[in-house]
Structures are given as C-alpha cells and as structure tokens.
Protein chains: 2
Amino acid sequence: MARKDDHPRPALTVDVVVFTILDSDLKLLLIRRDLEPYRDSWALPGGFVREDEDLMRAAERELTEETSLPREHVFLEQLYTFGAPARDPRERVVSVAHYALVRPELVPLARAASDAAETRWYSVASELPGLELAFDHEQIVELALERIRGKLDYAPIGFELVPRTFTVSELRGVFEAIKGTSYDPANFRRRFRRMLTDKVIEEAPGKRQTGARPATVYRFTAGG
Amino acid sequence: MARKDDHPRPALTVDVVVFTILDSDLKLLLIRRDLEPYRDSWALPGGFVREDEDLMRAAERELTEETSLPREHVFLEQLYTFGAPARDPRERVVSVAHYALVRPELVPLARAASDAAETRWYSVASELPGLELAFDHEQIVELALERIRGKLDYAPIGFELVPRTFTVSELRGVFEAIKGTSYDPANFRRRFRRMLTDKVIEEAPGKRQTGARPATVYRFTAGG
DNA sequence: TCTGTAAAGGTCATTTCGACCTCATTATGG
DNA sequence: CCATAATGAGGTCGAAATGACCTTTACAGA
C-alpha cells in the first residue's frame, strides 16, 4: 500500500445525510452555510475528521454537534466516499458521506440545538427538487435516497424511522414516504406479520386511537 | 462543511480487491510487500491517491499498474472507506477500498505484468482462510466477499466473471464459486432463460464441446 | 454398440405476491 | 339511537416464482 513518504494529502471530511419522517413525509436535515464558499447555500451537516478520530466517530460527532441527538438511538452507516478533485473550489477535499435515520420522537431535540447555525428539515418530495445545494451535496443526497429505497426491501431499516412503539399503519406510512409509492394495507400487514416470526418485535400493551378502530401497538423486544 | 483551515490531513490511499474465476474457483489478487511495515506479508494492490486524481481513477491506475489489465474490460466499483486511526502503524492513512471483477480470459495479461513485485492469485475457498494479510486487508477482503455474494442475487455482476462468450454451465460455475454453494442445473438454466428477455444477452453461433452434449454459447449484445 | 455425462426442457408442489373481499371496531352525524 | 364512514384485521384467489425431480437429447469414449 504505502510506497513513498512524499504524497499529496487532501483534506478529509465527513458529511451526513440525516433522514427522519415528519407528518408521513420523508425529510432531511440541511444547514445554511455562514462561510465561503457557497455562503448562504444549504448544505449537509459535516466537517473535518480530527486526528486519531475514526470515520464513524467523526460522523457521530458531526451528527450530535448539529442535532444534539443521542447516538444510541440513531442508525448511522457509511454511504460512499466522494473525491472528485474540484468538488471543493478551494482545495482538494475528500468527503466520506454517511446517512442517518432518526426516529421522529427525537426530532424535537434536533430543533432545540439549532441555535448556532440555521438548520431546517426539508421535505424530500416537495421541497428538495430544484433546490441547489452546496458542493456536490445534491449528488450525495441522491445516492443516499437510492440507498435507503433499495435497502428498505431487504434490510430492517424501516423500523429505524418509526417511534419505539408503533402501529402497522405507521410503519406502512414510513415505507410509503421513503418509496414514494403506496402499499396495499392488507398485503403490507401480511408482510409485516411474516417479519414477526423472528422475535425482534412484540405486541405492546394498549391500543392506539386513530378515529376508527384502534390499532395494535408494537415495540422492539431488545428495548433499545 | 469546511470550517477552519487548520485541520489534520491524513494520507489517502486506494486499495483494490481484484477477483477472478480460475478453474471454477474464486480467486483474488495479492501482492507480497517489499517494504516495511508488513514486509513480506501479502497485501491488496493499492497506493496513494495523486493530487487532482479522482478516487475511481486512482483505483483504475493501481489496477492497471499491478495487473496491466485494460480498464474497459474490468468491472470496478467503490466498496467502503477504512479509516481506523491505527490501521497503519506509521501514520494516519485512510483507504478507499474498491473491488474489481476480471474475466478469466484476461488473467494471463495480469500474470505477465507480475515482474516488478511478487503477485499471486489466491483461492478464496482453499488458500485464503488462515492467511494473515497486511494492515486491515483481511477485513477489506471479508467485506468485498460479502458485497459480491449479496449483489450476485440482484445485480448482473455474475456476467462480469465469465468469458465474453460463455455457456449456461460456465455461468453457473461462477455463481457456485462466488456463493460457495451448488445450484440445481435445471433451475439455474430456467432462471437464466428469464434473464434473456431483456436483450442484453444473445445466442452466439456454434456450440461448445464438453465431453457430453455440446452446450449453446451466449454472448453480450453490446459487444463490450 | 453400449454406457456415462451433461445439455435442455418439462412436471409438480410449495411459496410469494398483488388484487380484492369480508368482518370488526371505533367516531361521528342525523 | 342508529346509519355511515373510516380504519384495523384477516382471508380468498390467481399469477408468478422457486425447489425438487424426471425425461429426453446429443455427444465422447470404451
């Protein structure tokens, strides 16, 4: 791997695409930049990786700095590394992009932390299209959307975006918000029942009132 | 993203896990290191990213430097970025790992280029287990294997490891070598026939002799 | 000419999935 | 107080996919 000791050293950053669901709508967190370049443009939360700091740890730090969200309750995964030579007009900056999934019950915490820089949740469906982001962040967002839409079908990431106790309809709302399509309620329920065989989800006591027949409430067994 | 101009700058490398199929066996390319650290250990081909060089371009360069393979005929994709602070004992080195799939017909070219450093194809099934690689390269290989095994089921990466003209049995051999399991020949053939509906593959003239009934030969329409 | 082997294709039971239906349980409005 | 709307919960039915297994075809070699 290493051959010589004189080699260029690009700056290294992490960026995080933070997703949540609010009002059955997929949203992501953007920050208005207060420095050049791209001053006043909206950008993803992110920053430089510190010395002796692991990449995931750096992403966690950026996440909590911008949102003050507790790491334990947030799903965080590496997405892709963007390193086009001119992606930052000042100098070579390579960015390791991540994505995070935040349960809606934790979003108020994120709102409270937005006193430093201007921070906003943008609707992916209705507000994001046409919005110009700083750097290559549009590309990063696009890839993050592809990733969660694809992973939704074979990995349990949908559960990361519902409250700790939830109904089948609420889970279906998450799937619909991510995919942008609608699911047959009965077929989705059947599919959900099949997931229940592996005991990671159990019925919780009580019902949820929704203006019609009350729905069964589920929760995670692990208690995380 | 960028906040201040004084930030640590780790060295940046790319590493490539190069796979091929030889004798119905999944193999990957390793290079014996001739420098410290991990001198004489086997390692993945890789090296530092040059100034103003795109990450993918750097991976291509490392691939062709070590194997002299023409880029057009090789599938190359980014895998994951490894940045544990102590993964290189000398200094902080962040590595963007990639993986490549090489058609077996091109492997002789790779062999010819191995005059500089010692280069060898290792069998994933029979030679790799227990072998200690340099740095965190075992971890990188493990992730690359997970990736191609998972992707084999929903992406057409199996076709990247057969010759440009191939039979159904040869394709099945590739699937079996990657997954490590055996497939029912008849059911695999049916599955393959369903792929044929989208005209990326067509029947090629001629048959292939195999000691029994000759097999139909297929090829890619794009002619790539 | 017989036999073994692999190609090629088919059958059948099981599973999955989408479309659609019935019934249960609540709130609401006349 | 009852009809109705709305949602939860569960089931049916046919199409499509899948795994196990069988038959036929076409070659090589003894």
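By convention in this document, chain letters (A, B, ...) are assigned in the order of the sequence lines, proteins followed by strands, and residues within each chain are numbered from 1.
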Checking [X] now: which residues fulfil salt bridge (Lys or Arg N to Asp or Glu O under 4.0 Å) with it, not counting sequence neighbours?
{"X": "Arg147(B)", "result": "none"}
{"X": "Arg71(A)", "result": "Glu60(A)"}
{"X": "Glu53(A)", "result": "Arg61(A)"}
{"X": "Arg120(A)", "result": "Glu127(A)"}

Contact interval (first through last nucleotide) of DNA chain C with protein chain A, 4.0 Å heavy-atom: dC17(C) to dA27(C)
For Ala100(B), the side chain to side chain contact (heavy atoms under 4.5 Å, CB included) test, sequence neighbours excluded, returns Val16(B), Val18(B), Leu63(B), Val74(B), Leu76(B)
Taken in chain and number order and not counting sequence neighbours, the residues that satisfy side chain to side chain contact (heavy atoms under 4.5 Å, CB included) with Glu203(A) are Thr216(A), Tyr218(A)
Please work out if Thr167(B) contacts a base, only the sugar-phosphate, or nothing of the nucleic acid, heavy-atom cut-off 4.0 Å. nothing
Any base atoms under 4.0 Å from Thr216(B), or only sugar-phosphate, or nothing? Heavy atoms, all strands. sugar-phosphate
From CD of Glu170(A) over to C1' of dT7(D), roughly how many Å is that when rounded to an integer? 13 Å
Specify the separation, in whole Å, of atom CZ of Phe192(A) and atom C1' of dT7(D). 17 Å
Are Asp153(A) and Lys179(A) ion-paired here, with the side-chain N under 4.0 Å from a carboxylate O? yes
For [X], check side-chain hydrogen bond (donor to acceptor under 3.5 Å, both in side chains) against everything at least two apart and list the hits.
{"X": "Ser126(B)", "value": "Ser123(B)"}
{"X": "Arg149(B)", "value": "none"}
{"X": "Thr81(B)", "value": "Thr81(A)"}

Per-nucleotide protein contact along nucleotides 19-30 of chain D, 5' to 3', at a 4.0 Å heavy-atom cut-off (B base, S sugar-phosphate only, - neither), is BBB---BBBS--
Tell me, which of residues 148-160 of chain A have any heavy atom that sits under 4.0 Å from an atom in DNA chain C? none
